[in-house]
Structures are given as C-alpha cells and as structure tokens.
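One structure below.
Just so we're clear, the structure is a prediction, and the values are computed from it rather than from any experiment.
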Amino acid sequence: MLRRFIDYVREQHLFPSGQQVLLAISGGRDSACMAHLFHHAYIPFAIAHCNFHLRPGDCDRDQQFVASLAEGYGVSFHTIDFDTRAHAATHGQSIEEAARELRYAWFSDLCQEHGYPVVATAHHRDDSIETFFLNLFRGTGISGLHGIRPKVNGVIRPMLCFSRAEIDTYVEENCLEYVEDHTNAELDARRNQIRLRLMPLLRELYPSIDSTMAANIERLYDTEILYKEYIGELRSRYVKPYPSSLSALPFPIFAIDCYHTPALFEFLRPYGFNASTVEDILAAKEGGKLFYSSTHVAEIHRGQLLVAPNREPAPGRHPQPGDRIKLKKGSRLLSDYLKDKGFSRIERQHILLNPPDGDEPVGAVAGLAVVDKDGVLVGRLPVVSL
C-alpha cells in the first residue's frame, strides 16, 4: 500500500517534490492512515486540526489526540476552534456547509502564511463514489458527476487510490491508533444514508460496483474536459461585454446571444444561477423581467440576455417615479424616454443624475434636463450618447 501511495502521488503530480505538505487531520482512521503513509514515504509534512465544537467532549478529545500524533511524528501542529453552529446560523447554512467553509478558509490562510504548497485531505475512493450519487440525486450538471478529484485549487486527495476497506486493513495491520467519529454512524445526513444504506445494497446487487463506478467516474471526467472545451468555444462566441452608454454605470454588463439550454446553463452558472432559474429565463416570452441569483441579475433585452452584478445603486440623486425629461418641444416621462432609447431595465435602475448647473441645454444630445413632477429642475442625464 505504501508503494501504491508513492506511485499515485507521483503519477498525479500532487505537490512539488521536497516541499512540506499541510495535512488536514481529524484523528479518524482515514486521516491517521494518511499521516502514517506520509511519514513512511519520507514526505515532509505539518498537521492542521479543526475543533468544530459540535460534539461535547469528543471534539476536545480529538484535538488532544491529533496534537499527540503531531508530537509523535515531530511535525508542526496547527489547531483552531470554531463556533460552527453560530456561523451556520449567521450565514443561513447547514452545519456541514459551515464546517466546510470554515476549515477550507483556514487551510488557505495557513498555506499562505507558512508557505505550504497544498493541503491534503484523506478522502478515499468510497468518498468519491458517494459524492457521485449525492450530486446525482440532488440534480447537477456534468461537473457534479466526476466525484472527488485528486487535486483542485490547492487541495489534494492522495488517498483516492484506496478503498475504505483497504484503509481499514492497513490500519489494523500497522496497529494505528485513531479516534472514532461517532457521527459517521448516524443517519442524519444524506451522505451517511448513501454510505450505510445505498452502497451496501448496490454491492449486494453488483459486487463489482466500486471498481465499476471508479472507472465510470474517470470516463465522465474525460467527457467533462471535452464538454468544457466546447462550452469555452461557445462562450467566446456568444458571451460579449455589453457596451452601455451610461457613463455612471458602476459595473460591467455581459450580453449572451445563445439560448441553447445546456450552454446557457453553463454560461450562467459562474454567476450563481441554478437550473430552475435558467428554465424560467428560457420560458420568458418577453423582456423586462429580472431574474436573480445570489450575486447577479439577468434581463432579456432586445433579444439578448444581459447579466450584471446585483448591486445597490450608487449613492446620489437617482431618477424618481414621475420625473420628466425636458425636450425641445414639451417633455416626456424619463422612464419612457430611456426605454424608447434602448436602455435596459438594469441600466435604468443605476442612472445617477448629474447636479443641475444653470440653464438646461434644451435639444442637446447630452446633459438633458430632468425635472420632478412639480417641474423643478433636479439634475441632468449623464448620457454619453443617445
């Protein structure tokens, strides 16, 4: 198993040779096995442990165990305490989401502070298969079906070449000490239900399910690479910066000219839009309606889909309902005027009027006067070109 571990690390190019790797160690059998393999492979490492304070007594026990483990290996030990429940409540997250966000942010900080090139977690082949089914049942694009990858954004998984059973055997043969995470035996999380209910049934029906699924996941990953290359070509063809003539617009807008369902989903996913919202966009019959993600807003405008950051308008004098624009002959509602001139709803929401400064240049192309419902001059339109 040690030879396979060394070969896998080299084949996957997980980290630069000779550099110290940060190991994320919970104290369970998987991470204890990982630390043992790193030690016997003569790979320099340090240990990081998170105390999430989710299980009274057990978390402190785990922290003490991992501290002793680091001392036994003679390596640096980093630890941190998190109020995970408070973080989850504040950010509207599940406990699992909060713990993941907290630990990976801390790992990133440690790597930057101490110069570790990567952080290693002890995910193994069974974890990757469980992730496949978890994402499949949730509903996901193709990228959710590639399981857990060996290296992503500075996080490596050097144990993916082993099954849970192989790790258990290695731990027993080498008499490794570890602490038991009792939450793994509880059926209060979907992943644990997949692990303890679904997978045993699938292994009974299909004895080779583990190796078959591992091969399927790799094939899906190869397919994903080709798919992303194709989507990249479409993105360069159909996603363009949208030139706004409003000089005060505080952010870029992108225009999308392709309404092919899979492509549109991939175009919009980086902006936080989910499949349900994409379906709503495709079903929209006319423009003017706004579609929101957690970070962006989209609008169908003149046959294009505009996407912009969802930000509060900049402070200052914005047009109000009933404001009118003075023209050479009479006046018009400012909202109607700008709509007729081709400005999208997103653009119109972020107009910031310039302050009035003397007689209005009636009939001029830029700087047209805006008056309120009582006819009082309230500002000038900051339009570069109409």
Side-chain angles (χ1 to χ4, degrees), residues 135 138-146 152-153 220-314 318-319 325 332-352 365-366 368 381-386:
N135 289 338
R138 283 173 173 167
T140 180
I142 191 172
S143 62
L145 301 180
H146 63 209
V152 179
N153 297 329
L220 284 168
Y221 180 64
D222 292 340
T223 302
E224 180 191 355
I225 292 175
L226 295 176
Y227 177 75
K228 285 186 173 179
E229 289 179 356
Y230 173 67
I231 291 297
E233 293 178 1
L234 293 181
R235 181 178 285 110
S236 63
R237 189 186 311 169
Y238 293 113
V239 182
K240 303 290 184 182
Y242 181 77
S244 175
S245 59
L246 288 177
S247 59
L249 203 65
F251 48 73
I253 301 179
F254 295 92
I256 299 174
D257 292 323
C258 177
Y259 282 76
H260 184 264
T261 305
L264 187 61
F265 173 73
E266 295 297 338
F267 294 161
L268 292 178
R269 189 168 53 153
Y271 306 113
F273 293 93
N274 58 31
S276 176
T277 306
V278 173
E279 291 176 0
D280 292 340
I281 292 171
L282 290 167
K285 301 299 183 182
E286 56 186 25
K289 182 178 179 181
L290 298 182
F291 304 88
Y292 293 93
S293 73
S294 59
T295 58
H296 284 71
V297 59
E299 174 191 2
I300 298 174
H301 178 67
R302 296 194 171 187
Q304 296 178 310
L305 181 67
L306 307 187
V307 182
N310 185 20
R311 299 179 184 172
E312 290 294 327
H318 293 274
I325 188 163
R332 289 192 65 192
L333 282 173
L334 179 58
S335 57
D336 291 344
Y337 180 80
L338 292 176
K339 186 176 181 180
D340 289 347
K341 289 297 183 180
F343 291 101
S344 68
R345 185 175 171 185
I346 292 175
E347 293 175 289
R348 299 197 305 268
Q349 286 183 341
H350 289 270
I351 293 176
L352 187 62
V365 174
L368 293 177
L381 199 60
V383 178
V384 175
S385 172
L386 288 173

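Rounding to the nearest 0.5 Å places CZ of F291 at 5.5 Å from CD1 of I281. Remark: L268 CG to S293 OG distance equals 9.0 Å, nearest 0.5 Å. Here the straight-line distance linking atom NZ of K341 with atom CG of L334 works out to 12.5 Å at 0.5 Å rounding. Here the CD atom belonging to E279 is positioned 9.0 Å from the OG1 atom belonging to T277, to the nearest 0.5 angstrom.
Nearest heavy atoms, L338 versus R348: CB-CD, 3.8 Å. Of all heavy-atom pairs spanning P252 and P309, the tightest one is O-CD, 3.5 Å. Here the shortest heavy-atom pairing between H318 and I351 reads ND1-O, 2.6 Å. Residue R311 comes nearest to H350 through the heavy atom pair O-CE1, 3.2 Å, listed as atom of the first residue, atom of the second, then distance.
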Check residues 297-307 and write down every donor-acceptor pair under 3.5 Å in which the side-chain atom is one partner and the other belongs to a residue at least two apart or another chain.
| residue | atom | partner | partner atom | Å |
| --- | --- | --- | --- | --- |
| E299 | OE1 | R345 | N | 3.1 |
| E299 | OE1 | I346 | N | 3.0 |
| E299 | OE2 | R345 | N | 2.9 |
| H301 | NE2 | G342 | O | 2.9 |
| Q304 | NE2 | D257 | OD1 | 3.1 |

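Within a 6.0 Å sphere centred on OH of Y227, other residues, nucleotides and ligands contribute more than 12 heavy atoms. Around the OH atom of Y230, the shell of radius 6.0 Å holds no more than 12 heavy atoms that belong to other residues, nucleotides or ligands.
Annotation: side chain of I253 is in contact with side chain of E347 (closest heavy-atom distance under 4.5 Å). No side-chain heavy atom of E224 sits less than 4.5 Å from a side-chain heavy atom of L220. In this structure, L264 and T261 have side chains that are not in contact, with every pair of non-hydrogen atoms separated by 4.5 Å or more.
Between D280 and K289 no salt bridge is recorded (no basic side-chain N to carboxylate O distance below 4.0 Å).
Of the possible polar contacts, one joining the R235 side chain to the E266 backbone as a donor-acceptor pair under 3.5 Å is found.
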D340 and R332: CA distance, side-chain angles, deciding distance, side chain to side chain contact (heavy atoms under 4.5 Å, CB included) verdict: CA-CA 11 Å; D340 289 347; R332 289 192 65 192; 2.6 Å; yes
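Counting only residues at least two apart or in different chains, ring-ring contact (aromatic ring centres under 6.0 Å, His included) contacts with residues 253-287 comprise Y271-H296.
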